[in-house]
Number of protein chains: 4
Amino acid sequence: MSKLGVWLIGARGSVATTAIVGAAAIRAGAASPRGCVSESAGFPGRLVPLTALVFGGHDVAETSLRKRAEQLGRAEVISPDLPELLASDLEAADAEIRPGHVPGAGQTAARLIDDIAGFRARHGLARVIVVNVSSTEPPVDARPEFGKLADLEARIAAGDDILPPSSLYAYAAFHAGCGYVEFTPSTGPALPALAELAALRGVPYAGRDGKTGETLVRSALAPMFADRALRVRSWSGLNLLGGGDGATLADPAARSSKRLSKDQVVAKVLGEPVEGETHIDYVPDLGEWKTAWDHVSFEGFLGVRMTLQFTWQGCDSALAAPLVLDLARLVARAHEKGRHGVLPELAYFFKSPLGTGEHSLAAQYARLRAFAEELS
Amino acid sequence: MSKLGVWLIGARGSVATTAIVGAAAIRAGAASPRGCVSESAGFPGRLVPLTALVFGGHDVAETSLRKRAEQLGRAEVISPDLPELLASDLEAADAEIRPGHVPGAGQTAARLIDDIAGFRARHGLARVIVVNVSSTEPPVDARPEFGKLADLEARIAAGDDILPPSSLYAYAAFHAGCGYVEFTPSTGPALPALAELAALRGVPYAGRDGKTGETLVRSALAPMFADRALRVRSWSGLNLLGGGDGATLADPAARSSKRLSKDQVVAKVLGEPVEGETHIDYVPDLGEWKTAWDHVSFEGFLGVRMTLQFTWQGCDSALAAPLVLDLARLVARAHEKGRHGVLPELAYFFKSPLGTGEHSLAAQYARLRAFAEELS
Amino acid sequence: MSKLGVWLIGARGSVATTAIVGAAAIRAGAASPRGCVSESAGFPGRLVPLTALVFGGHDVAETSLRKRAEQLGRAEVISPDLPELLASDLEAADAEIRPGHVPGAGQTAARLIDDIAGFRARHGLARVIVVNVSSTEPPVDARPEFGKLADLEARIAAGDDILPPSSLYAYAAFHAGCGYVEFTPSTGPALPALAELAALRGVPYAGRDGKTGETLVRSALAPMFADRALRVRSWSGLNLLGGGDGATLADPAARSSKRLSKDQVVAKVLGEPVEGETHIDYVPDLGEWKTAWDHVSFEGFLGVRMTLQFTWQGCDSALAAPLVLDLARLVARAHEKGRHGVLPELAYFFKSPLGTGEHSLAAQYARLRAFAEELS
Amino acid sequence: MSKLGVWLIGARGSVATTAIVGAAAIRAGAASPRGCVSESAGFPGRLVPLTALVFGGHDVAETSLRKRAEQLGRAEVISPDLPELLASDLEAADAEIRPGHVPGAGQTAARLIDDIAGFRARHGLARVIVVNVSSTEPPVDARPEFGKLADLEARIAAGDDILPPSSLYAYAAFHAGCGYVEFTPSTGPALPALAELAALRGVPYAGRDGKTGETLVRSALAPMFADRALRVRSWSGLNLLGGGDGATLADPAARSSKRLSKDQVVAKVLGEPVEGETHIDYVPDLGEWKTAWDHVSFEGFLGVRMTLQFTWQGCDSALAAPLVLDLARLVARAHEKGRHGVLPELAYFFKSPLGTGEHSLAAQYARLRAFAEELS
């Protein structure tokens with residue numbers, strides 16, 4: 001059985017640790033693949049089994065995966081007995097985590113590429129997929145060098161540190177011949193120069209910003225209003241985030257990346273801009289949990305005003321981790337089948353899908369299934 | 001331009017009055033067709049225009065449509081200046097309302113048929129569609145005569161009053177050569193003997209129980225859980241209904257019709273029974289409005305428990321009326337195109353769709369669009 | 001330092017186990033008295049310290065306290081490391097649990113009295129308070145013997161098993177010279193014959209039905225509407241209960257005890273009956289947790305209609321256990337100070353306070369503080 | 001019967017118009033005093049009857065009260081037939097509205113004083129109370145002249161326009177010998193120099209920021225947590241405001257006045273700062289309505305985490321107007337009884353009560369009743 005390498009940027013974060021623990025627990029028979037879209041009954045096609053994943057990655061943090069897993073056990077994200085039960089798996093993955101890129105610390109592209117290639121070689125892997133689950137970056141201003149690969153390569157060759165970290169990782173992944181998944185709202189592969197590179201290297205990629213909570217529900221509900229010809233008058237939301245994700249988003253610049261990503265779903269599905277804002281608050285007390293409240297005011301027959309409210313209370317890592325496992329395996333399969341460049345068929349997983357403007361959840365899911373069928 | 005007759009059972013109820021006022025307001029240029037699915041941008045096909053509908057119906061109540069419209073104006077369902085503005089339209093429709101069937105009052109099938117046929121003749125209509133928007137009936141026990149048309153006709157010929165009112169109206173509609181829409185949870189055309197009659201007379205029908213609030217949202221959200229491989233552990237709900245609908249449902253037997261209809265959506269979409277009940281309370285104070293709260297407990301990756309809650313606050317008549325206009329026109333078009341028997345393609349509009357087990361809103365909508373395309 | 005005996009009816013249930021674990025954890029310095037009203041900063045008076053409580057009780061269940069604590073650890077009600085840390089305390093309490101009364105199993109009053117008296121003697125306790133935290137009983141029909149102690153004693157002497165279990169325990173407590181707290185909605189001491197007995201024996205008692213969630217919030221909010229002259233038009237609620245409490249309440253008769261208890265708060269505070277029902281559902285999936293949604297429709301200036309909704313998500317045992325510790329110590333102090341009979345000053349803790357019609361939370365709290373001051 | 005003058009700053013705004021319409025409707029027997037605290041059953045003392053109020057005021061807007069009332073009728077704040085029914089009362093009040101102060105337009109204090117004094121003289125009123133219900137101002141930086149009346153008068157005499165409008169109105173009111181109510185979050189009388197002036201003129205005043213929705217509920221619920229020794233871990237909120245109030249608050253500076261006012265209640269009642277923010281969004285679509293969602297995370301026995309959420313949907317003007325009528329009459333009575341300076345006894349009505357740090361709703365209400373008793 002051929003193994004698949006999953007190289008996680010932010011490999012010691014909550015999402016990555018949960019994904020690694022989860023895959024190990026499934027292999028050990030201690031958990032079911034609940035939450036993995038590709039493992040649900042009747043999902044078409046055959047992907048690399050969840051038991052055949054090998055993990056490594058980059059991180060600037062040094063806390064061991066075992067310790068991170070224990071923290072998640074105390075936070076009730078994973079069962080507190082898993083870290084001990086899966087100790088050897090966690091140590092093996094830990095041994096494959098390399099120091100992450102520190103912005104301003106000089107040229108690292110070559111080193112990152114070597115790290116990934118070395119991992120592939122050590123484990124004799126046919127394929128490695130790089131998945132970014134690190135902290136959200138602020139939006140990036142356009143630069144001329146982002147538009148053309150040759151210009152970008154020239155700057156990198158000159159030792160200039162011009163790419164945001166997520167894009168640097170995508171650059172390294174593509175150069176290493178790996179598919180890439182941008183699971184955060186960061187820029188990642190979404191630069192023309194990097195699209196050029198992916199084409200050149202024949203590698204596929206997908207993104208952006210994993211759709212795991214409020215936006216997931218929005219993309220399920222907004223089409224209901226549109227199809228029923230009910231006019232949405234305003235759509236407001238407040239997100240309360242604890243833990244790592246929230247802390248990053250305490251930075252207004254990073255938060256603006258995330259808000260842009262969230263706001264567009266409703267407007268895109270409804271085909272017109274809609275009143276109302278989406279707030280993101282960092283509430284450390286909530287730990288690994290997040291709560292979102294949405295308020296929708298809409299108008300029906302003869303102008304009558306009505307409202308829908310929802311409250312979503314979820315555990316971010318538990319929602320994101322199985323999607324990371326889905327995406328790595330789907331992109332690997334696409335790579336194997338010769339697909340390269342952006343994969344709009346994976347829009348179902350993202351708040352800001354690259355390569356498509358489709359935001360209706362059901363339409364995205366239909367496309368995903370067709371894609372899975374096609375790949376098998 | 002050919003006109004279409006819409007014959008409403010419960011023609012003086014809130015839903016019927018709102019539909020009649022709405023159609024008149026649209027014709028008068030005083031309202032837009034907000035909430036009419038078939039009038040939304042990009043909806044395929046051409047139906048009889050909303051301005052070409054002629055209304056009549058049966059009702060046991062005697063309050064005039066004008067008075068009922070004024071009540072709805074005070075209840076903020078319609079603008080308070082519409083009843084006066086549309087007085088002549090309301091009077092015209094009022095003149096076409098005939099006494100409804102009173103259970104136990106002896107054989108009335110022939111009279112009901114004559115009422116409908118007379119309406120068609122008076123207005124020179126090519127087609128009349130009968131839509132039941134009257135009060136919900138209790139569930140009906142199966143009887144041998146319901147299984148075969150010949151047996152049923154024999155009992156009716158003998159003067160036996162064995163059909164529940166909704167089924168008697170469907171029987172009359174079919175005999176009069178009219179399509180029929182069962183917009184309530186009542187039995188209506190859902191008896192084998194009546195299916196036989198519809199086939200014999202070459203008329204189409206659709207039903208059951210218009211999907212206008214809590215169940216609409218459920219059918220949009222349940223597929224989200226299923227597709228994401230999130231296991232729903234419990235789904236509970238409390239519906240607070242005022243007005244006419246609530247009053248009928250104060251009767252536990254009628255309420256049980258409605259609850260059966262609501263509960264099945266989640267179980268059908270998820271493919272397994274789910275813990276939790278759906279309560280329906282009559283709260284007269286709420287008037288024409290209804291509020292529903294739903295609580296969903298679900299399980300994600302590694303068994304983590306999460307919850308989704310929603311509150312829907314809507315005006316029942318404003319939600320139902322435009323769908324009545326959609327359905328009458330869609331069934332008329334199907335009739336014109338030679339379709340007869342049950343129309344599963346209209347499942348999108350119903351809590352308990354006849355002729356199909358499909359409960360996912362998006363799948364239902366896709367099928368509706370394909371149907372509309374096919375009819376054009 | 002003088003110790004206080006706390007004799008729990010339902011000593012192996014979730015509430016009792018949480019109370020015993022909590023008191024032991026506080027003694028061990030492993031927890032703070034969070035949730036104990038009498039331990040909050042500035043609360044007047046001095047009660048027996050939480051570290052000076054000795055536990056025993058009756059229960060029909062045989063699972064050891066240690067095992068029950070481990071279950072609560074897995075259910076995230078208590079920290080999973082507490083059962084091992086506090087093993088000796090749990091074993092000590094376990095050794096003082098005697099078989100509970102089994103209805104229909106013949107005369108047990110004398111045996112129950114002996115059990116309590118033996119506990120007091122073994123530990124050289126000046127005082128024991130009996131607290132009922134067992135399952136809710138159905139409402140009980142009035143009987144002539146309930147009205148007069150002599151008649152009741154005659155029936156008991158004749159071996160007739162006429163008292164509901166909660167009242168039998170109160171009878172035993174009073175005979176043993178102990179104060180009694182009815183923490184459930186069951187009848188308990190609320191019979192004239194038992195009031196007579198409490199007076200005769202000079203013992204105090206309090207009850208009924210610990211106020212720990214939805215009703216707590218109701219009693220905080222209802223006075224807000226009353227004082228602001230806002231008219232509440234309807235107040236509806238749905239309670240979703242898991243665990244032991246919910247299972248008992250799956251029995252409609254027991255549920256009706258609880259609903260009666262809940263419904264009266266709003267009507268009493270507002271001074272008039274209010275539309276709307278309170279539903280209680282047993283949802284096993286929720287485990288030790290409960291969720292309540294309340295919907296209040298109210299009318300303001302010039303008849304404008306407005307609404308308030310709230311959702312309470314709590315852990316029943318964690319809410320009840322500290323109140324059990326408060327009540328045992330407050331009743332003990334009242335006993336010491338010579339109070340006997342019903343203690344209306346403890347209404348703050350109950351949904352259906354015995355001895356008073358006061359349901360406003362703030363008024364109840366003011367009275368509790370005055371009482372605590374008086375006792376010190 | 002002696003009449004009382006009510007002079008409204010912002011006399012053509014929604015709150016003022018609703019108050020004027022309401023008082024006229026009550027006088028005409030067309031409405032009850034629902035929402036007036038001082039008119040509720042059992043409220044102690046006797047105030048000037050609601051039928052004995054005479055209205056006037058300042059406003060920069062020129063739309064007539066009749067037209068404003070018609071707008072409120074269309075917005076469903078008042079019954080649409082009231083403006084016609086009460087036309088003569090509205091015209092009478094309209095005739096007593098004078099141009100408001102325009103910042104930067106030079107010295108107006110003398111003119112404002114004359115306007116108020118003229119109103120009193122024309123109607124032979126023993127007493128006039130000035131109530132500010134105009135738009136919220138941004139917070140004001142401290143200035144040395146605000147500290148001492150002599151310095152302030154010197155600057156005003158020199159023609160300097162240094163006071164924020166609300167404080168200028170308070171200044172004018174005090175000079176005219178009138179009591180003053182600051183119903184907005186603006187500075188108003190809360191300057192040492194103005195306290196000096198009120199003492200000198202022997203006039204009472206009260207404020208600040210009428211408590212009509214989210215904060216009202218907060219002040220009812222926060223004491224529940226405190227008294228039950230439950231630790232609030234975070235308290236977050238999102239306010240969606242339409243209409244005039246919202247539009248003003250679209251200005252971040254004005255919004256910050258309001259947020260400061262809202263945030264302090266929870267911290268003051270709980271005695272410690274609490275995590276979480278309160279957002280205020282302007283959502284024009286909501287018209288005269290406002291919706292607030294609050295999320296409270298709290299910790300109980302043994303550290304268990306629980307949550308309370310509430311949603312408040314109210315009509316701002318309908319909530320504020322009856323309190324304006326209460327306050328004018330209570331301050332008038334205090335004036336009559338010889339009280340001057342700040343009235344902390346009226347804290348019950350305000351988010352940021354002047355003269356006291358008491359934020360518990362029940363404690364504020366008890367103090368209000370005692371005050372009302374004392375005044376009678």
Side-chain angles (χ1 to χ4, degrees), chain A residues 18-19 21-22 25 31-41 43 76-79 82 216-217 219-221 223-224 226-231 271 289 299-315 317-323 348 360-363 365-366 368-369, chain B residues 18-19 21-22 25 31-41 43 76-79 82 216-217 219-221 223-224 226-231 271 289 299-315 317-323 348 360-363 365-366 368-369:
Chain A
T18 306
V21 165
S32 77
R34 173 84 55 226
C36 285
V37 172
S38 60
E39 295 290 318
S40 62
F43 194 84
E76 300 171 0
V77 177
I78 64 169
S79 174
L82 287 180
L216 176 67
V217 181
S219 65
L221 290 176
M224 176 187 81
D227 296 346
R228 278 285 170 113
L230 299 166
R231 182 164 172 235
W289 292 74
E299 188 186 303
F301 201 51
L302 301 177
V304 172
R305 297 294 184 83
M306 302 178 261
T307 57
L308 174 67
Q309 300 170 56
F310 70 82
T311 305
W312 170 270
Q313 295 168 297
C315 173
S317 302
L319 289 160
L323 306 184
Y348 177 68
S360 156
L361 189 66
Y365 183 65
L368 172 66
R369 286 188 71 111
Chain B
T18 306
V21 166
S32 76
R34 174 84 54 228
C36 286
V37 172
S38 60
E39 295 291 316
S40 62
F43 194 85
E76 300 170 1
V77 176
I78 65 169
S79 175
L82 287 180
L216 176 67
V217 181
S219 66
L221 290 176
M224 176 187 82
D227 296 346
R228 278 284 170 112
L230 299 166
R231 184 167 170 231
W289 292 74
E299 188 187 303
F301 201 50
L302 301 177
V304 172
R305 297 294 184 82
M306 302 177 261
T307 57
L308 174 68
Q309 300 170 55
F310 70 82
T311 305
W312 170 272
Q313 295 168 295
C315 172
S317 302
L319 289 160
L323 305 184
Y348 177 67
S360 156
L361 189 67
Y365 184 65
L368 171 66
R369 285 188 73 111

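In what follows, chains are A, B, ... by sequence order, proteins preceding strands, each numbered from 1.
Counting heavy-atom pairs closer than 4.5 Å to chain A, the top residue among Thr307(B), Val37(B), Leu302(B) is Thr307(B). The greatest number of non-hydrogen atom pairs below 4.5 Å with chain A, out of Phe310(B), Phe301(B), Trp289(B), is found for Phe301(B). Ranked by heavy-atom pairs shorter than 4.5 Å toward chain B, the options Arg231(A), Glu299(A), Arg305(A) are led by Arg231(A). With chain A as the partner, the residue from Cys315(B), Ser40(B), Ala31(B) showing the most heavy-atom pairs under 4.5 Å is Cys315(B). Ranked by heavy-atom pairs under 4.5 Å with chain A, the list Ala226(B), Ala366(B), Ala318(B), Ala362(B) is led by Ala318(B). Per-residue heavy-atom pair counts under 4.5 Å with chain A were compared for Ile78(B), Leu82(B), Leu319(B), Val21(B), and the maximum is reached by Leu319(B). Contact tally against chain B (heavy-atom pairs below 4.5 Å) for Thr311(A), Leu221(A), Leu323(A): the top residue is Thr311(A). Counting heavy-atom pairs under 4.5 Å between each of Arg228(B), Met306(B), Met224(B) and chain A puts Arg228(B) at the top. Counting heavy-atom pairs closer than 4.5 Å to chain B, the top residue among Ala363(A), Gly35(A), Ser317(A) is Gly35(A).
Across all their heavy atoms, Arg34(A) and Ala229(B) have their closest contact at CD-O, 3.3 Å.
In this structure, chain A has heavy atoms under 4.5 Å from both the backbone and the side chain of Ala220(B). Only the side chain of Val304(B) comes within less than 4.5 Å of a heavy atom in chain A; its backbone stays farther off. Residue Ser79(B) does not touch chain A at all, counting heavy-atom pairs closer than 4.5 Å. Proximity to chain A is limited to the side chain of Leu361(B), based on heavy atoms less than 4.5 angstrom apart. Contact annotation for Glu39(B): neither backbone nor side-chain heavy atoms come within less than 4.5 Å of a heavy atom of chain A. Neither the backbone nor the side chain of Leu368(B) comes within less than 4.5 Å of any heavy atom of chain A. Heavy-atom distances place both the backbone and the side chain of Thr18(B) under 4.5 Å from chain A. Contact annotation for Arg369(B): neither backbone nor side-chain heavy atoms come within less than 4.5 Å of a heavy atom of chain A.
Atoms CG and CG, from Leu216(B) and Leu230(A) in turn, are 8.0 Å apart once rounded to the nearest 0.5 Å.
Considering only heavy atoms from C-beta on, Tyr348(B) comes within 4.5 Å of Asp227(A) through its side chain. Taking 4.5 Å as the limit, every side-chain heavy atom of Gln309(A) sits out of range of all side-chain heavy atoms of Gln309(B).
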